[in-house]
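Read through the structure below, which is laid out as structure tokens, and then see the notes.
Numbered from 1 within each chain, the chains take letters A, B, ... in sequence-line order.
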2 protein chains.
Amino acid sequence: MNPVDPLSPLVLVVDDEPQMRRFLRASLGAHGYRILEAGTAAEAVMLAMSHNQAILLLDLGLPDADGIAVTRGLREWTQTPIVVISARGREDDKVAALDAGADDYLTKPFGVKELLARMRVALRHATPGTPQHELTFGARFIDLTRRVVTRDGVEIHLTPIEYKLLTLLARHAGKVLTHRQILKEVWGPGAVEQTHYVRVHMAELRKKLERDSARPEWLLTEPAVDYRMREP
Amino acid sequence: MNPVDPLSPLVLVVDDEPQMRRFLRASLGAHGYRILEAGTAAEAVMLAMSHNQAILLLDLGLPDADGIAVTRGLREWTQTPIVVISARGREDDKVAALDAGADDYLTKPFGVKELLARMRVALRHATPGTPQHELTFGARFIDLTRRVVTRDGVEIHLTPIEYKLLTLLARHAGKVLTHRQILKEVWGPGAVEQTHYVRVHMAELRKKLERDSARPEWLLTEPAVDYRMREP
DNA sequence: CGCGTTCTTGACGTTTTCTTGACGTGGCGG
DNA sequence: CCGCCACGTCAAGAAAACGTCAAGAACGCG
């Protein structure tokens with residue numbers, strides 16, 4: 001799995017020890033996960049709210065709050081799987097964490113392979129039907145897990161290139177992308193000169209997604225540079 | 001919770017040691033669970049098919065079959081949570097069991113409180129009130145326990161590969177699956193390049209399941225990506 | 001061993017998608 | 001005002017992907 005593939009699950013790692021974070025970043029990154037890191041409970045909650053991560057790895061020994069309370073707090077508003085990683089191995093700790101809403105509990109030290117296996121379990125539990133990765137633009141939805149795009153509730157068929165192009169722009173919404181960047185990502189590094197490709201396929205995308213393709217609301221042109229998608 | 005309340009969760013305990021079963025019967029019974037017991041894999045599968053238990057506690061060291069294989073077999077047709085309880089504590093054993101479809105893995109000896117907590121986690125993961133032993137789409141039914149497919153009430157004979165292909169698509173209804181994913185799941189990781197297989201067998205499936213195989217209503221093609229089953 | 005079923009493989013026609021070139025439009029500076 | 005440049009549009013043909021059929025290999029079973 002490509003590390004920057006938008007379909008690879010986003011993991012929010014919460015641990016105050018930089019060493020542990022480095023370790024997890026390396027291990028998970030090598031297995032195709034995208035990582036988000038937090039060192040405090042406050043940071044963790046903030047990131048959890050602003051990002052649509054697929055799973056959360058939570059250390060209980062945080063400097064600014066009790067991990068059990070953090071878990072309970074998260075469960076008030078999100079169902080993202082939470083795997084607790086803790087140095088505390090007492091049975092009561094496990095029971096408390098699991099009853100607070102955690103989905104699994106691993107005691108340090110643990111094996112990476114077991115962690116990955118338990119993460120896979122947690123990820124496949126994610127209730128089917130609820131997309132973990134969804135992007136919204138106006139009345140348009142991009143369901144990244146199902147690879148389905150809808151507009152006003154109606155499904156829109158996109159060819160592979162159109163879909164790639166759209167997700168690329170959507171992931172970098174608000175940012176201006178140059179021809180070279182787009183061509184490299186969608187067509188591969190060999191086609192960096194074919195600026196024509198982008199124009200043709202962008203036109204096709206606009207026809208399908210914009211109300212009036214002559215006056216685009218979302219897929220905007222940045223003259224002399226290239227394209228940009230409006231932020232939601 | 002009243003111990004004899006018919007609404008209390010039914011637990012299928014699979015372990016060949018009578019002592020262990022007695023222990024679990026007592027512990028779980030005291031917490032209001034109803035118990036069903038099996039000492040062999042064959043017994044376990046039979047009971048699992050005839051009863052609608054809420055959760056399954058499975059010992060890996062059974063006399064007549066490998067616990068991993070039992071797990072995999074059960075996962076062909078049921079989504080009942082499976083908590084593995086094993087004396088084997090090696091990381092590879094855990095990974096194998098979890099990847100085979102188990103939802104949790106406890107190493108003997110374990111604390112009852114932890115077991116109960118993990119059972120609560122597994123139970124709250126279970127999709128509320130829907131024991132998925134049957135899939136429906138249109139006038140077609142897939143009975144996963146009996147491995148029988150019907151259309152308009154008439155039974156349809158499917159070859160093993162067709163059945164695998166159909167259940168794969170049906171379980172991921174709505175999601176677009178790439179030919180790589182399909183080939184890996186149905187034919188195994190070695191056949192990832194043989195995109196032809198899918199086309200031929202998909203055609204066969206459509207002939208049997210669709211009214212007009214030229215204009216499929218359920219088994220849809222996603223050009224240049226692969227296939228997708230319409231959601232019910 | 002012979003039978004029927006299922007799977008693999010190849011060939012070929014059809015459909016969809018991509019590329020490519022021609023041409024139109026509009027802003028901007030000379 | 002004109003021409004340049006970058007972008008937008010359209011359509012034709014090439015390329016890739018898909019659907020179908022059928023022959024032969026592999027498999028399981030009596």
Side-chain angles (χ1 to χ4, degrees), chain A residues 147 149 155-169 176-188 190-229, chain B residues 147 149 155-169 176-188 190-229:
Chain A
R147 211 218 95 118
V149 178
E155 197 179 313
I156 297 187
H157 174 75
L158 295 183
T159 70
I161 284 194
E162 285 160 15
Y163 183 78
K164 262 193 179 175
L165 188 53
L166 175 64
T167 52
L168 176 68
L169 289 164
V176 180
L177 297 174
T178 66
H179 266 139
R180 300 187 80 82
Q181 289 175 301
I182 295 178
L183 285 161
K184 198 172 131 212
E185 289 294 326
V186 178
W187 278 268
V192 190
E193 308 296 327
Q194 311 295 320
T195 81
H196 199 105
Y197 291 6
V198 186
R199 290 210 295 279
V200 171
H201 289 279
M202 183 66 64
E204 203 54 41
L205 255 187
R206 282 184 177 145
K207 260 194 238 164
K208 292 181 179 178
L209 290 172
E210 296 283 2
R211 261 161 230 299
D212 177 1
S213 62
R215 234 167 292 92
E217 296 172 74
W218 296 97
L219 301 161
L220 312 176
T221 298
E222 208 67 40
V225 189
D226 218 8
Y227 298 97
R228 170 168 74 92
M229 180 175 241
Chain B
R147 199 196 169 282
V149 178
E155 188 176 327
I156 297 185
H157 172 74
L158 295 183
T159 71
I161 283 195
E162 285 160 16
Y163 183 78
K164 260 194 175 179
L165 188 53
L166 176 63
T167 51
L168 175 68
L169 289 164
V176 177
L177 299 174
T178 67
H179 69 232
R180 293 188 89 81
Q181 291 175 300
I182 296 179
L183 286 161
K184 199 172 127 212
E185 290 294 326
V186 178
W187 278 268
V192 188
E193 308 293 328
Q194 310 296 320
T195 80
H196 201 108
Y197 292 6
V198 187
R199 291 211 296 280
V200 171
H201 290 279
M202 183 66 63
E204 205 53 41
L205 255 187
R206 289 216 256 240
K207 261 193 235 163
K208 295 181 178 178
L209 290 172
E210 296 282 3
R211 262 161 228 300
D212 178 0
S213 63
R215 233 166 287 88
E217 296 173 74
W218 297 97
L219 301 162
L220 311 176
T221 299
E222 208 66 39
V225 187
D226 225 4
Y227 297 98
R228 171 167 72 97
M229 177 173 247

Next item on the list: Using whole Å, report how far CH2 of Trp187(A) lies from C1' of dT17(C).
Entry: 12 Å
Note to self: As a test of reading the structure: which of dT20(C), dT19(C), dT9(C) is closest to the side chain of Gln194(A), going by heavy atoms?
What the structure shows: dT20(C)
Next item on the list: Supply the atom-to-atom distance Glu222(B) CD to Leu177(B) CG, rounded to the nearest 0.5 angstrom.
Entry: 10.5 Å
Margin query: Looking at Glu210(B), is its backbone amide N or carbonyl O close enough to the side chain of Ser213(B) to form a donor-acceptor pair, meaning the two atoms are under 3.5 Å apart?
Written below: no
Checklist line | Nearest-Å distance for atom pair NZ/C1', residues Lys164(B) and dC7(C) | finding: 13 Å
Notebook entry, point to check: Given dC18(D), dT9(D), dT9(C), which nucleotide is nearest the side-chain atoms of Asp226(B)?
Noted result: dC18(D)
Note to self: Quick one, Arg147(A) with Glu155(A), criterion salt bridge (charged side-chain N to carboxylate O under 4.0 Å, His left out). Give me CA distance, side-chain angles, the key distance, then yes/no.
What the structure shows: CA-CA 11 Å; Arg147(A) 211 218 95 118; Glu155(A) 197 179 313; over 6 Å; no
Item checked: Of the listed nucleotides dT9(C), dC7(C), dC18(C), the one nearest the side chain of His201(A) -> dC18(C)
Notebook entry, point to check: To the side chain of Thr159(B), which of dT9(D), dC21(D), dT6(C) is closest?
Noted result: dT6(C)
Notebook entry, point to check: Is there a side-chain polar atom (N or O) of Tyr227(A) under 4.0 Å from OP1 or OP2 of dG8(D)?
Noted result: yes
Notebook entry, point to check: Within this structure, what is the CG-to-P distance between Leu219(B) and dT20(D), rounded to whole angstrom?
Noted result: 12 Å
Next item on the list: Using atom CE of Met202(B) as one end and atom P of dC7(C) as the other, report the distance to the nearest whole Å.
Entry: 14 Å
Margin query: Expressed as a whole number of angstroms, how long is the span from Ile161(B):CD1 to dG28(D):P?
Written below: 13 Å
Notebook entry, point to check: Side-chain N or O of Thr221(A) less than 4.0 angstrom from OP1 or OP2 on dA6(D)?
Noted result: no
Check: Which nucleotide in the list dG8(D), dC7(C), dG19(D) gets nearest to the side chain of Arg206(A)?
Finding: dG8(D)
Next item on the list: Return the value, rounded to whole Å, for the distance between atom CG of Leu183(B) and atom C1' of dC7(C).
Entry: 14 Å
Next item on the list: Take Leu158(A) and Arg199(A), find for each the nucleotide of DNA chain C with the closest heavy atom, and name the residue whose nucleotide sits nearer the 5' end.
Entry: Leu158(A)
Check: Within this structure, what is the CD-to-P distance between Glu204(A) and dT17(C), rounded to whole angstrom?
Finding: 10 Å
Margin query: By nearest atom, which of the nucleotides dG10(C), dG21(C), dT17(C) is closest to the His196(A) side chain?
Written below: dG21(C)
Check: Going by atom types alone, do Arg206(B) and Thr221(B) pair a side-chain donor with an acceptor below 3.5 Å?
Finding: yes
Next item on the list: Kindly assign one of parallel, tilted or perpendicular to the pair His179(A) and Tyr227(A), based on the angle between their ring planes and the thresholds 30° and 60°.
Entry: perpendicular
Next item on the list: Could you check which of dT6(C), dC21(D), dT20(D) has an atom nearest any side-chain atom of Ala203(B)?
Entry: dT20(D)
Next item on the list: Could you state the atom-to-atom distance from CD of Glu222(B) to C1' of dT16(C) in whole Å?
Entry: 12 Å
Notebook entry, point to check: What is the nucleic acid contact for His179(A), judged by heavy atoms within less than 4.0 Å: base, sugar-phosphate only, or nothing?
Noted result: sugar-phosphate
Margin query: Between Glu162(A) and Lys208(A), does any side-chain N to carboxylate O distance fall below 4.0 Å?
Written below: yes
Next item on the list: Look at the side-chain N and O atoms of Thr195(B) and state whether any lies under 4.0 Å from the OP1 or OP2 oxygen of dC18(D).
Entry: no
Check: Which sits closer to the 5' end of DNA chain D, Ala224(B) or Val200(B), going by the nucleotide each is nearest to?
Finding: Ala224(B)
